[in-house]
Each structure stands twice: as C-alpha cells, then as structure tokens.
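Read the structure below first, then the notes.
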Amino acid sequence: MIDCVSIATVHHFPDNLLAEQHSLRYREVVHKENWSDIYVIDGMEFDQYDNLATEYLIARDGQGRVVGVTRSYPTTIPYMLSDVFTFLLSSQVPSTPRIFEASRLVLDRSLLTREERRPVIDRLIVAYMERGLQRGIDAYAGFMLPKIWSSTFQRAGWDVQWLGPEISLPKTNEVVRAALMPVSREMERKVRDATGIHHSVLNFGAGPLQRNPGTAAYSHMREEMRQAA
Amino acid sequence: MKTAWFGKRKETLEDGVIQSLCYLHQEALKEDRQELAGVIQTAIEQTEHLIPATVSLSRDSKDLLQQFLLLRGFQALDAIQKELFLREIESMPNG
C-alpha cells in the first residue's frame with residue numbers, strides 16, 4: 001500500500017511518517033546527491049513547498065520503514081515551477097485547481113536493491129493516478145531528468161505531454177524537462193496495464209477512507225473571482 | 001562593480017513593473033473595468049517575456065503574478081466552469 005499523508009492526517013498513521021520522509025529525502029538528495037541551496041534541519045530536508053497544502057505519497061517496506069516518497073502541491077499558490085523554474089515552460093504557467101505539481105520522487109537506494117526499486121516506483125505512480133482521479137484533477141505538472149521520466153512515468157505507461165524543451169539548469173548544468181501528466185480513466189487503464197497493478201494502492205490510515213481537501217488559495221481570491229465572473 | 005550595481009537596479013525595476021501591473025490588473029477587475037484589465041493583461045504578458053529567466057522576483061511579485069495567472073485562467077472559463085472553479089478553491093474538508 002501507499003500511505004496518503006498530509007499534516008492534517010499524519011496522526012492517522014503509526015510513527016511520524018512526515019518526519020521519516022523528510023529524513024529519507026535528506027539521506028538521498030543531500031547526503032548522496034549533494035543537492036545545494038535547500039533547507040535542512042536535524043537530518044531532514046525540506047523546502048517551502050512542504051506545508052499544509054502538500055500531500056505525500058509514502059511507500060513502506062514489510063518492516064514499516066519508509067522506502068519511497070513523492071508529493072503533490074497545488075498550482076493555485078506559488079509552486080516550484082511557477083516560482084523558480086518558469087524558464088522550463090514554453091507555454092503559460094499552469095495555475096488552476098485542476099492541476100497539481102508533482103515533485104520529490106525519492107527512493108531509499110540503501111534499503112532497496114535495484115530489482116526492488118521498480119515495484120515501489122510503480123506503486124507510487126499508480127498512487128498518483130488514483131489520488132488524482134479521487135481529487136478530480138486533470139493533470140500533474142512536474143520536471144525531472146529525461147532519463148528519470150523514461151524510467152518512471154513513461155515506463156509505467158503514463159503518456160506525458162512536454163511543457164518545454166530539455167533545458168540545462170543554470171547552477172548544476174543538469175538537463176531537465178517539464179511535462180504535464182494527464183489524469184484520466186483512459187490513462188489510468190494504461191498505467192495499470194503497464195504496471196500490472198489493478199487493485200487500489202492508497203491507504204489513508206486510521207482516518208476516513210478518503211479525504212478530499214480543498215485546494216489552497218489566496219484568502220481574498222474568491223471575492224475577486226466573483227467580481228471577475 | 002558598476003555592472004553588478006546596474007544589474008541589481010534593473011532587477012528591482014523589473015520587479016516593480018511586474019508588481020505594479022499585477023496590482024493594477026486586480027484593481028481594474030474589482031472595478032469591473034474589463035477593457036482596462038485586458039490592456040493591463042497584455043502589458044503583463046509582454047513584460048513577462050522581456051524579463052530574463054535569471055531575474056529572481058520578490059515574494060510580493062511572485063504572489064501577485066500567481067494571482068494574475070489564476071485570474072487569467074478563471075476568466076477564460078465559461079459560466080459553469082467558473083462556478084466549479086470557485087467551489088474547488090474553497091476548502092471543503094469532507095473527512
């Protein structure tokens with residue numbers, strides 16, 4: 001199963017899954033990958049997109065250890081692509097309740113062998129699709145290295161739509177590409193067929209089976225939209 | 001040194017322009033001045049193209065720009081979609 005966790009629901013799960021996924025991210029991206037310009041505290045990595053609006057999909061192994069994580073974040077408030085990486089986009093920056101940003105797909109490469117990683121990725125990707133359908137969204141947006149796109153979402157049958165060309169990041173020179181990952185019943189079928197996962201993978205812990213929070217927004221926007229309507 | 005100073009000054013200027021235009025766009029919409037809002041929208045879009053990717057905008061500008069994007073997307077919707085959009089941005093925890 002994949003645990004679907006947010007700050008509002010972390011108490012529905014045993015252990016502190018949020019702290020554990022921050023620790024995993026530290027071990028993998030700071031310790032092993034040497035990412036710079038990100039925040040750390042007590043062996044945990046975090047950034048400004050870890051907050052009340054973030055939802056985490058967390059994979060655990062048979063012993064309950066967190067072995068994989070990824071997260072989603074609304075595009076209705078400043079998010080990573082709109083804040084820092086707009087230069088990756090050839091078209092308009094998505095900003096709608098129907099598109100969420102997907103980021104921080106991280107696996108524990110110490111606990112998982114190469115052979116064990118693929119099934120974990122597959123479950124996380126199916127979880128993205130399931131959760132996207134539950135929340136009624138049209139797509140996720142995100143960016144990553146082209147080889148990661150092909151070894152994760154594309155391999156799992158998800159037809160991504162490029163939002164721009166491959167671009168070298170100014171500080172690291174790593175080449176990345178932004179894409180939209182459409183969420184639909186048809187795409188779900190493709191992903192389930194490619195991964196062979198035909199059952200539900202989401203777990204909401206001891207809380208309600210499914211909790212659909214609203215989308216984050218500026219407090220005054222509703223009034224302005226009423227005017228604009 | 002002179003170049004760095006000029007660069008910073010130019011960045012501040014660009015930041016100020018974006019902020020002012022986004023603010024004006026919001027005000028025009030509040031007053032239901034659609035035509036003016038349309039003109040300002042075009043100005044914001046053109047200004048965005050002129051600002052190099054390397055410029056880092058202030059938090060205020062990013063917030064205002066995000067609100068502009070949201071309003072622009074909203075305005076492109078039909079009446080039913082607009083109502084749906086408004087419902088979706090409300091917090092509706094059903095847990």
| query | Which atom names give the shortest non-hydrogen contact between A/Ser95 and B/Gln66, and what distance separates them? | reply | OG-NE2, 3.2 Å
| query | Can you check whether A/Met221 reaches B/Leu70 side chain to side chain, under 4.5 Å on heavy atoms? | reply | yes
| task | Taking B/Glu88 for its side chain and A/Thr96 for its backbone only, find out whether a donor-acceptor pair lies under 3.5 Å. | result | no
State the [atom1]-[atom2] distance between [X] and [Y], to the nearest 0.5 angstrom.
X	Y	atom1	atom2	result
B/Leu64	A/Tyr218	CG	OH	7.5 Å
B/Leu65	A/Thr86	CG	OG1	8.5 Å
A/Thr76	B/Phe74	OG1	CZ	13.5 Å

| note | Pair count under 4.5 Å, heavy atoms only, with chain A: among B/Lys62, B/Glu31, B/Glu45, highest is B/Lys62
| If you count the non-hydrogen atoms of other residues, nucleotides and ligands that lie under 6.0 Å from CD in B/Glu35, is the total more than 12? | no
| In terms of heavy-atom contacts, does OH of B/Tyr23 have more than 12 from other residues, nucleotides or ligands at under 6.0 Å? | no
| query | Taking every heavy-atom pair that is under 4.5 Å apart, which of A/Ala217, A/Pro74, A/Pro97 has the most such pairs with chain B? | reply | A/Pro97
| Given that the side chain runs from C-beta out, which part of B/Glu83 has a heavy atom under 4.5 Å from chain A: side chain, backbone, both or neither? | side chain
| request: With side chain to side chain contact (heavy atoms under 4.5 Å, CB included) as the test, would you mind laying out the steps for A/Arg98 and B/Leu84 before giving the verdict? | output: CA-CA 10 Å; A/Arg98 305 188 71 88; B/Leu84 198 62; 3.8 Å; yes
| said: Restricting to ring pair (Phe, Tyr, Trp, His ring centres under 6.0 Å), what partner residues turn up for B/Phe68, sequence neighbours left out? | reply: B/His25
| Considering residues at least two apart in sequence or located in another chain, which fulfil the side chain to side chain donor-acceptor pair (under 3.5 Å) criterion with B/Gln26? | B/Gln67
| request: Identify the residues of residues 136-150 of chain A whose heavy atoms come closer than 4.5 Å to a heavy atom of chain B, ordered by number, or report 'none'. | output: none
| query | Excluding sequence neighbours, so at least two apart, what forms salt bridge (charged side-chain N to carboxylate O under 4.0 Å, His left out) with A/Asp83? | reply | B/Arg59
